[in-house]
Amino acid sequence: MNNLFIFITSISLFFFIINRSVVASFSSNDLIGVAPQDEVYYKELWSSGGGSVKCRDGSKSFTKAQLNDDFCDCFDGTDEPGTSACPTGKFYCRNAGHSPLIVFSSRINDGICDCCDGSDEYDGKTNCTNTCWEAGKVARDALKQKIATYQQGVTIRKHETDEAKISAAKDEAELSKLKSEEKVLKGIVEKLKEHKEQIEKVLEKERIQKEKEEKQKKEAEESKLKEQKGEDKVDEPVKSDDDKADILDNSPAGQDLKEHAESALEVVHNAHASLDNGEEHSVMEEDTSEVAPVSDPDTGLGSKGEDATKDIDSLSREDLGREIGSRWTGKKTEQQNHDVDDVKNDDRTSVDVQDEESNGYDTETEEDHQNYEDDTEDHMDDVADEANDDSSSSYNYEPDEEVDMSDIESESNPSWFEKIKKTVRDVLQAINPLQTPVDTSEAETVRKEYDEANGKLLKLRSKISRLTKKLKSDFGPEKEFYSLYGQCFESKQNKYVYKVCPFKQATQEEGYSTTRLGNWKNFEESYSVMLFENGDNCWNGPDRSLKVRLRCGLKVEVADVNEPSRCEYAATLTTPALCLEGKLKELKDELEVLDKQQPQIHDEL
Amino acid sequence: MITNLNPNANTLINSKRFRTILNCKKLKTKSPHQTLTSPLFSTPQKNKEKTYLFHHFTHKNPNSYSYYYDHNNTTMKKSIHYLIYLTLFLSYLTTTTHSWKKEEFRNCNQTPFCKRARSRHPHSCNLIPSDVTITNNGDLVAKLKTKPNPDQDSSDDHNPDLEFSLSVYKDGILRVKIHENQEKDKKRFEVPDVVLDEFESQKLWLQRFKKEVIGDDLLESFVVYLSDGYEVVLRSDPFEVFVREQGSGGARILSFNSHGLFDFEQLRVKKEGEDWEERFRSHTDSRPYGPQSISFDVSFYGADFVYGIPEHATSLALKPTSGPGVEESEPYRLFNLDVFEYLAESPFGLYGSIPFMLSHGKSHGTSGFFWLNAAEMQIDVLGSGWDAESKIALPSDQKRIDTLWMSEAGIVDAFFFVGPKPKDVVKQYASVTGTSAMPQLFATGYHQCRWNYKDEEDVKNVDSKFDEHDIPYDVLWLDIEHTDGKRYFTWDRTLFPNPEQMQNDLASRGRRMVTIVDPHIKRDEGYHIHKEASKNGYYVKDASGKDYDGWCWPGSSSYIDMVNPDIRSWWADKFALSEYVGSTPSLYIWNDMNEPSVFNGPEVTMPRDALHYGNVEHRELHNAYGYYFHMATSDGLLKRGGGNDRPFVLSRAFFPGTQRYGTVWTGDNTAEWEQLRVSIPMILTLGLTGITFSGADVGGFFGNPDTELLVRWYQVAAYLPFFRGHAHHDTKRREPWLFGERNTQLMRDAIRVRYTLLPYFYTLFREANVTGVPVARPLWMEFPEDEATYSNDEAFMVGNGLLVQGVYTQVLLFSFMTYSPPYG
């Protein structure tokens, strides 16, 4: 009984609405399935001459008798808005109290209630209860909820994009600073190395000299002893004398070295001074990239230096001599000099560009940040360790990455850099490598400084490459995904823990075993999907991959991880980044439309 | 049996959700592009000249499918050449990529009975009928005695007489049985439960026979009436049986043993030192009863081609397997096997077996021969001239196709059908084994399957996508992963916590669900089916009498002995809603792996010396095992519905009579053009041999079809009787909306055409249900006079009114031709 009553009510309601909105000459059933805004299209059918209307696709036309006669005249369904005759037709249900719905014509009188007002089942075979009011209320509540989420989300998103811009700018500034520091540091390292090598050379020379002297002494003693027996081995010491002369001739003059040291210092000043000059960044980057190749022979030298200290012990005396000698005589030596010149030239070009900015800046920062020296030193060490971890265990990168991030920030504090600079200057100025005899403690200082500076250079480079990689990433048109960098999000489902790390990778963990679902590929479908590809291979199948669908949400959370095809995973991730203002407006408009309908229909009921 | 055969009684109410375009029946033909979505179909036209429908891709839009008529013959011929080249090229490509494990299956040479029979010389049969009489039952009976051999002592190696009987049934059906004396310890197996009970009532009581001397024969032959215009001759020396047109000079229609290849290895005592064991790879068949095979030749007269004997992935018209010009070939094998990645062109046996062959030719028309035997069978189609060396001339003015039939065990229980029209033969066959069950309307719609729809969420999602894309479908399927550890009748409750709710939700939109139930039962004491089956001794036994323990999906498994009617009844009860927990009245069943598939058995099946109910060896009934399983499941659903809900059960294995219990599909095919192509003759052959409700997995089970292949597959399969999309779990998802809007549209159109034609299909299913004439028919069934149709298996008829031509190649630059028979 109750159902029947509702049904009748809904039917009469339906008629009521149709009547209200349609020109008086239409009967209520004539335009069943037509949306109110389209009613005017059919007006011609009721013209006095019994006119006809063109199908929307322009192919044909139809008369009033052909309208909704359950026979498809227009392939596009224009003539059959209220029947299922045309396969491509659409049926409009008003759904008063809820939102209007357009359903496929196949839904009409198919025995299933598709419209909440039941208007799609009008042949009397199926009784549909009007559920629009209840459904509408649920839908409105859901919509309100959604709008609330969006509203908050939009704010958060706004905040995040602002933050992202600042962070990105900071990161870029940091990067260019690091790059310029790298360049300077490289110069310093080179000088130190040269210095160190000079000292070592001198030391070696001294040692050889000493040995020779001892030998001569010994030989003299021996020859004294042998004088009675014969004079066989007189030639040798003379040879040694020649060698020594060669070595001395080939070594660079002390003057040159000093020049090098000074130019390096100059670079330190200038490069640092340019740090805050954002416009110059690009120039800086280009410069460093040009300089970069030089570092190859540079490191080659470094290893040679090592060779000298390591291998020397194992060489026979004769070989040692040859080895050391070759440093001056061989082709390698020429190369080395040439390279140093290149560095010098390059440095000069960058110095030229930045000359104007160089005054009065370095000292300021030097003093300001002196206090933080120790802290930054610690951080530097951390970074080095993490870099190692990173390469050995690719699955546990994310906590490191976080530390790394903070590290990079704190290292915008330049005091460590100033300290090095100062020390190096002191060392370079204080120690004359050509001074003989060499002060061994001074030699030790130079070596230590070199090792320290070189270590820092390596760390700096790994930081630069990481930061470069980050900044190259696509964070969306407004950098709205910036804050997701270096973060991971987990979702536990049954026995599996799924871990999604945007811009990095995604994994599935079960106990201690980890399966890679994919490496970061890119965003798709206008930043609504994250794609991870080339994960671990499936036996007899493809490489694993994961498609993460993004939704608006206040927190970043992974959910609904699924494997629709074998080894092709799917998941959803909520993030404020997807809470778009445009969408919020749409939702609000939707609610407005719903609300407009609501009170009037409520009164009717 | 099925009590509700009125198609209007409950099915229309049951399947209310045909939300599409049934109203399109009223669409005017003014817009032909609307209905002429590929495949092309045209109603036969009254036109003496053949018209060719061409199909091409335009250059501008390679995805547009348009049609035009072209009478330019040169274009056509060129096109055909291209088509041939391309087809050859494709077949070359695909045969090299297959991974069919040929060596895992026995060939004829590795099968002693087949090797023996194939090497026998024509006219080596030395039997003569004697004591010919008509019994009280109206049968003609005789003893087949061994001719005394003048060269040998007659007492030596003397075979006992064989018992011969000949019966005649209404509408031109002859039945010949040859049996040995059954007073032995071991009884030969006669297949029960296949021939309809009603068939016996159609027997014509023979009253008398005529005697006649044929040619220069020394002995008289016996002639009896068969039907109007036909008679049967039992010729005495040489022994043969043939059907001829009435009168002593009447043209022959069919004959048995005209080449004297008949041999019947009678059961005997093992001789001293004799080894009866047979070994294949790592398996040994104890063969306790020794050799017991039967072979004989059958000739079809006035025949241009022979057809039938499924299941093989091969052409509709059967190619010769032996004779001059035939490369070394295997006989057509009938042995139900689970073949991994079967080839698109091979005589090797697949999942089901129907030893029923039809012939068709211009001069006589159609005739048929059916051997009711469930053991392994091998059948040679002998190319003309195969017997040139024997120099024995049969009536030579008649075109003839000779065939050699060989079986490992059983008896001769052979049926001859005189036709003479194609539909007569299928009707005659149907009067012996039954017509196909009338499906419910929903079962004739589109089915969506995948190994596996993973969980309830997945099911919900797939279901809603169909509505979202306005694609009609009626049944969603769940493969083995829905169970709790491959224990059938159970659910994986983490994936499917609320199966009833899930089914009811589908049912609220008029949709059904199908779950899989296989015959291998997990040997797990905690599993109720296993507990009952092992306790009650319901399992097939191994040669030693213990429950046979094989290996299948669940691991160690045993197999229900479905040959026993009591066990079938027990099994059927498992489908009661109270027994099958989580089932609802809208749930139907899929029987897979019922060859039976045994992963660690010889040729991936059960050892031949396994024992069934009544001490019957598995070798004797192997091909019927799946049939019994299908029968029991179908009976279960019938019981569940109180006889008012027509069952739907899909089976992979089949046997004569399967049509009475449900549907069949062509098993694990592959996503290749060649396999789409071969699915047509496979399905047409099934229709000819009684099983009209059959289909192939749309898209191909193994591998990922390219989009064009998938679209083409939908376009053809929409016209085939059973229409189901299915895919292996290693493949990508391929539901029809996953390939872009244009392709979604094409697949939607294909499926909608099916729904548009559903009333037509439903009517045709009813026709098949009443008469046995299949829904999908070879062209020659409708145009028996037109020789051009005889070997055409690309095009087919749906009923008598719709000609369907599929597209089976990637269409590149050339056009495409279909046959259009003259009508009138």
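Chain A is the first sequence line, chain B the second, and so forth, proteins listed ahead of strands; every chain is numbered from 1.
Considering OG1 of A:Thr88 and CZ of B:Arg748, their distance stands at 10.0 Å, rounded to 0.5 Å. Rounded to the nearest 0.5 angstrom, B:Asp730 CG and A:Ser565 OG are separated by 10.0 Å. Within the model, atoms OG1 of B:Thr731 and CZ of A:Arg566 stand 10.0 Å from one another, a figure rounded to the nearest 0.5 Å.
Neither the backbone nor the side chain of B:Arg734 comes within contact range of chain A, judged by heavy atoms closer than 4.5 Å. Proximity to chain A is absent for every atom of B:Thr494, based on heavy atoms less than 4.5 angstrom apart. When heavy atoms are compared at a cutoff of 4.5 Å, B:Gln745 does not approach chain A at all. With a threshold of 4.5 angstrom between heavy atoms, A:Asn562 approaches chain B through side-chain atoms but not through N, CA, C or O. Heavy-atom distances place both the backbone and the side chain of B:Lys732 under 4.5 Å from chain A.
B:Lys454 NZ: more than 12 foreign heavy atoms inside a 6.0 Å radius. The local environment of CD in B:Gln501 is sparse, with at most 12 non-hydrogen atoms from other residues, nucleotides or ligands closer than 6.0 Å.
Residues B:Glu457 and A:Asp560 form no side-chain contact, since every pair of their non-hydrogen atoms from C-beta on lies 4.5 Å or further apart.
Closest approach of A:Glu563 to B:Arg733, counting heavy atoms only: O-NH2, 4.5 Å. Between A:Phe104 and B:Asp467, the shortest heavy-atom contact is CE1-O, 3.3 Å.
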